[in-house]
Amino acid sequence: MFQRTRKVACPECNGSNFWHGNPKPTDVLVCRYCSAAVITYAKYVEQAAQHEAERLLAEFIETDISRDLAHLKAVLAATGPRPSL
């Protein structure tokens, strides 16, 4: 997968639980402390992929729009006349 930890916190007691082996998508992780159902493996993989995508997007998205606009204006101003289509 993403070489990330497979640790999952229980929503009931906040205990740390781990996936072991090669679970099936329908397997449910059961808390080792309070025996509550934590999450299915399919949902765990979906959430892990979503968090990884969010992390990667946040790493590469520029949030300073005014700086981007100033840079774009400077590039457009420096490029001389444009050929007509």
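Just the heavy atoms: all of them, side chains too, but no hydrogens, waters or symmetry mates, feed the values below. Not measured: the values here are computed from a predicted model.
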Participant: Name all residues meeting the side-chain contact (heavy atoms from CB on, under 4.5 Å) criterion together with Pro23; count only those two or more places apart in sequence or in a different chain, and write none if there are none.
Facilitator: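 By the side-chain contact (heavy atoms from CB on, under 4.5 Å) rule, Pro23 matches Arg6, Trp19, Asp27, Tyr41.
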Participant: Distance alone, cut at 3.5 Å: any donor-acceptor contact between the side chains of Glu46 and Gln50?
Facilitator: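 On atom types as modelled, these side chains do not qualify, holding no pair under 3.5 Å.
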Participant: In the structure I gave you, are the side-chain heavy atoms of Thr40 and Pro25 within less than 4.5 Å of one another anywhere?
Facilitator: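 No - every pair of side-chain heavy atoms lies 4.5 Å or more apart.
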Participant: Set out, in order, the CA-CA distance, both residues' side-chain angles and the distance that settles side-chain contact (heavy atoms from CB on, under 4.5 Å) for Val8 and Ile39, then state yes or no.
Facilitator: CA-CA 9 Å; Val8 181; Ile39 193 169; 4.2 Å; yes
Participant: Using 0.5 Å steps for rounding, measure from the OG atom of Ser16 to the CZ atom of Arg32.
Facilitator: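 Between atom OG of Ser16 and atom CZ of Arg32 there are 6.5 Å.
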Participant: What's the shortest heavy-atom distance between Val38 and Pro11, and which atoms?
Facilitator: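 The answer is CG1-CD, 4.0 Å.
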Participant: Nearest heavy-atom pair of Tyr44 and Lys7: which atoms, and what distance?
Facilitator: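 Looks like OH-N, 4.5 Å.
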Participant: With sequence neighbours left out, what residues match Glu12 under salt bridge (Lys or Arg N to Asp or Glu O under 4.0 Å)?
Facilitator: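 Result, salt bridge (Lys or Arg N to Asp or Glu O under 4.0 Å) vs Glu12: none returned.
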Participant: Locate the shortest heavy-atom distance separating Tyr33 from Cys13; write the atom from each residue and the value.
Facilitator: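 Distance-wise, the nearest heavy atoms are CB-SG, 3.9 Å.
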Participant: Distance check, rounded to the nearest 0.5 Å: Glu52 atom CD versus Arg55 atom CZ?
Facilitator: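 Spacing of CD (Glu52) from CZ (Arg55) equals 4.0 Å.
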Participant: Please give me the minimum heavy-atom distance between Asn17 and Cys31, naming the atom from each residue.
Facilitator: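 Looking at all heavy atoms of both residues, the shortest contact is OD1-CA, 3.3 Å.
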Participant: Specify the closest pair of heavy atoms between Ala9 and Asn14, including all atoms of both residues, with the distance to one decimal.
Facilitator: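 Residues Ala9 and Asn14, closest heavy atoms: CB-OD1, 3.5 Å.
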Participant: Just to verify, what does Leu72 make a side-chain contact (heavy atoms from CB on, under 4.5 Å) with, not counting sequence neighbours?
Facilitator: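 So Leu72 forms a side-chain contact (heavy atoms from CB on, under 4.5 Å) with Leu76.
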